Amino acid sequence: MIFYCKDSGERQETTKMLLGTQRINEAGRLEIGGCDTVDLAKRFGTPLYVVDEQCMRDACRAYRAAFERHWPKSIISFSGKAFLNMAACRIVDQEGLALDVCSGGELHTALTANVSPARLIVHGNNKSTQEMTEALKAGCWLIVTDSLPELALLNDLAGQLGKRPDILVRLSPGVEVDTHTHIRLGQVDTKFGLNPDNGQGMEAVKEALALPNLKLRGIHCHIGSQIFELRPFRETIEIMVKFLARVKAETGAQLDLLDLGGGLGSQYLSQEAPPSVEEYAAAIADALKASLAKYDLGEITLLQEPGRSLTAESGTTLYTIGIIKEIPEVRTYVSVDGGLSDNPRPALYQARYNAIVANKASSPPAQQVTISGKHCETDTLIEDIDLPSLAPGDILAVQSTGAYNYSMASNYNRFTRPAVVLVHNGEAEVIVRRETYEDLVDKDVIPPRLK
Ligand code: LLP
């Protein structure tokens, strides 16, 4: 995009990242799903999570289409932890995806939203007895077991309930991934899964095959999140398929389900270019074909559990700009009316975001500023971003907030969590209502002796 700087007449070139249905309308404002975001801010208040329904549906369709093309026997399961609420469940269900849940609360949400249990995958490294019972009673499609003690417990519970669930055993393939340490999950030193090489993975498989109330269908792994390279996925496939071959050799069992988790990265900044789903699916299929041939194994069904890559780019958070504080020759702090509580990712993972001033979307950049939240600590949302001249009341649209923002939001400093609005074809609908002060005190209890 080319901008002409009004004052100097100089030509400035800058790239404005527009994702999904985002566009700059005739009024020079950011529009998403045919809705003017400045109007959305007025109508629903800020901070506001805006979800581009078309963008999310397109991502679901792109995944299904790419995998159907490259590996027809594949199932795409949305990893709910990225963005779970009842409307999101309905969208992914309508798009023909399965859904993976990792807590009793996520399971309850999915079931309440009428997702068929036959399409649910249940995760967790420390599932409670109650969570396992709920999953068994509901008749979930797959339970992914994470440890030897869990296998025994699940077998007992299944026996008591007269069930025999299909299960996967989770492995930790020990592949090095170039992403933030907190979201790097496949390495050897991890609380997740069992090591395929130190005997524990094989012990779990043999145990699972021997236990009368469990039906072992395959193996699972998840190597990390926000991954831009295809190499670690290829390496993982080789390790997992080699393990399947060992299982066959040592037990005779031919497990035919391979769940590779999620992890494909999303675009947060204009200069970032994650692999397309098409490239990703092609790489996975090639590696799978090669490894299955190498170990002389038959057909397998492939499971994918994308979270971020289905929802991140469909989300935008709108904030109202408040105090602007310039420290001469140091920095200009621009504070917005949210922060750490609606987006903990910059603080937790040093995550970087891009933003557009929604009401000045076609204005050229005029200054470098740092965007801060309004929490009682240094909650920088975006450090050093070039934006047009700003004034209190401007609406800031932070992009790519559709994954792990709403789902990781908190009430820190007793902030009320923002509403989530779904936009599509010029319509905007609330899918999660804004919390109120009443919501905050509703769950508090004052014991009589403190009254
Ligand atoms: N499957 C399993 C078993 C997982 O644990 C995860 C994510 C996924 C699938 C989906 O991964 P994705 O496609 O979204 O990368 N809160 C962190 C991300 C934590 C991811 C945890 N597991 C963040 O904000 O970056």
Side-chain angles (χ1 to χ4, degrees), residues 56 59-60 62-63 67 75-84 88 92 97-103 106 120-127 142-147 167-173 175 177-187 190-194 218-230 232-233 236 240 258-268 272 274-275 277 280-281 284 302-315 317 340 342-353 381 398 400-410:
M56 184 170 160
C60 295
Y63 253 97
F67 277 90
I75 295 167
I76 312 297
S77 173
F78 172 50
S79 192
K81 53 184 78 62
F83 180 70
L84 199 77
V92 294
L97 271 56
L99 177 64
D100 76 68
V101 295
C102 68
S103 69
E106 287 192 353
L120 293 178
I121 305 176
V122 180
H123 282 287
N125 68 300
N126 184 24
K127 301 173 196 74
L142 284 171
I143 300 180
V144 182
T145 54
D146 202 277
S147 66
I167 66 157
L168 303 180
V169 164
R170 179 166 179 167
L171 301 176
S172 48
V175 173
V177 181
D178 180 20
T179 190
H180 193 276
T181 46
H182 294 176
I183 51 178
R184 193 188 291 160
L185 300 179
Q187 69 271 34
T190 169
K191 71 168 181 173
F192 294 105
L194 293 147
I219 53 175
H220 170 279
C221 68
H222 169 75
I223 58 170
S225 202
Q226 186 59 359
I227 302 171
F228 275 41
E229 297 171 286
L230 295 171
F233 294 111
T236 301
M240 297 295 275
L258 177 60
D259 185 338
L260 293 175
L264 180 63
S266 294
Q267 185 174 15
Y268 287 82
E272 284 177 343
V277 175
Y280 172 70
I284 298 260
L302 173 67
L303 255 125
Q304 282 289 309
E305 297 175 345
R308 187 191 312 271
S309 50
L310 291 181
T311 63
E313 293 171 18
S314 66
T317 308
L340 188 60
D342 60 76
N343 185 359
R345 300 195 68 259
L348 277 175
Y349 318 114
Q350 291 78 52
R352 303 267 308 160
Y353 284 87
L381 271 180
V398 176
S400 307
T401 59
Y404 306 110
N405 273 229
Y406 159 76
S407 64
M408 292 178 77
S410 77

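Heavy atoms only: backbone and side chains are in, while hydrogens, waters and symmetry mates are out. Nothing here was measured: the structure is a model prediction, and the numbers come from that model. All ligand and atom numbering here is 1-based and tracks the order in the structure.
- Taking any N or O of Gly263, backbone or side chain, at least one lies under 3.5 Å from an N or O belonging to ligand 1.
- Listed for the Thr190 side chain is a donor-acceptor partner under 3.5 Å among the backbone atoms of Phe192.
- The side-chain hydrogen bond (donor to acceptor under 3.5 Å, both in side chains) test applied to Asp146 returns no partner, not counting sequence neighbours.
- For Phe78, the ring pair (Phe, Tyr, Trp, His ring centres under 6.0 Å) criterion is met by no residue, not counting sequence neighbours.
- Only the side chain of His222 comes within 4.0 Å of ligand 1, counting heavy atoms alone; its backbone N, CA, C and O stay farther away.
- Neither the backbone nor the side chain of Phe192 has any atom closer than 4.0 Å to an atom of ligand 1 (non-hydrogen atoms only).
- Tyr353 and Thr317 form no side-chain donor-acceptor contact under 3.5 Å, judged by distance and modelled atom types alone.
- Of all the atoms in ligand 1, the ones that sit under 4.0 Å from a non-hydrogen atom of Gly307 are 10 (C), 12 (P), 13 (O), 14 (O).
- At a heavy-atom distance under 4.0 Å, only backbone atoms of Pro306 (N, CA, C or O) approach ligand 1.
- Taking every non-hydrogen atom of Arg170 and a distance limit under 4.0 Å, the qualifying atoms of ligand 1 come out as 3 (C).
- For ligand 1, the polar-atom distance check finds no N/O of Met408 at less than 3.5 Å from any of the ligand's N/O atoms.
- Within the 4.0 Å heavy-atom criterion, neither part of Gln304 lies near ligand 1.
- Counted by atom type alone, Ser225 and Arg308 present one or more donor-acceptor pairs between their side chains at under 3.5 Å.
- Contact atoms of ligand 1 toward Tyr349: 16 (N), 17 (C), 23 (C), 24 (O), 25 (O) (distance under 4.0 Å to a heavy atom of the residue).
- The heavy-atom pair separating Ser266 from Phe228 by the smallest distance is O-CZ, 3.4 Å.
- Within the 4.0 Å heavy-atom criterion, both parts of Arg308, backbone and side chain, lie near ligand 1.
- For ligand 1, the atoms lying closer than 4.0 Å to a non-hydrogen atom of Arg345 are 23 (C), 24 (O), 25 (O).
- One side chain, Tyr280 or Gln304, offers a donor N or O that lies under 3.5 Å from an acceptor on the other.
- Annotation: His220 places no N or O atom under 3.5 Å from an N or O atom of ligand 1; distance criterion only.
- Of the N or O atoms in Ser225, one or more lie within a sub-3.5 Å distance of an N or O in ligand 1.
- Taking the six-membered ring for Trp and the full ring otherwise, the centers of His222 and His123 sit at least 6.0 Å from each other.
- Each of Asp100, Ile76, Leu260, Leu142 was checked for a side-chain contact (heavy atoms from CB on, under 4.5 Å) with Leu303, and the lone residue meeting it is Leu142.
- Close approach of ligand 1 to Gly262 is summarised as follows: ligand atoms under 4.0 Å from at least one heavy atom of the residue are 9 (C), 13 (O).
- For a threshold of 3.5 Å applied to N or O pairs, the pair formed by Ser309 and ligand 1 contains no separation below that value.
- Interface atoms of ligand 1 facing Ser79, defined by a heavy-atom separation under 4.0 Å, are 1 (N), 6 (C), 8 (C), 9 (C), 10 (C).
- For the residue pair Asn343 / Tyr406, no side-chain donor-acceptor distance below 3.5 Å is found, with atom types taken as modelled.
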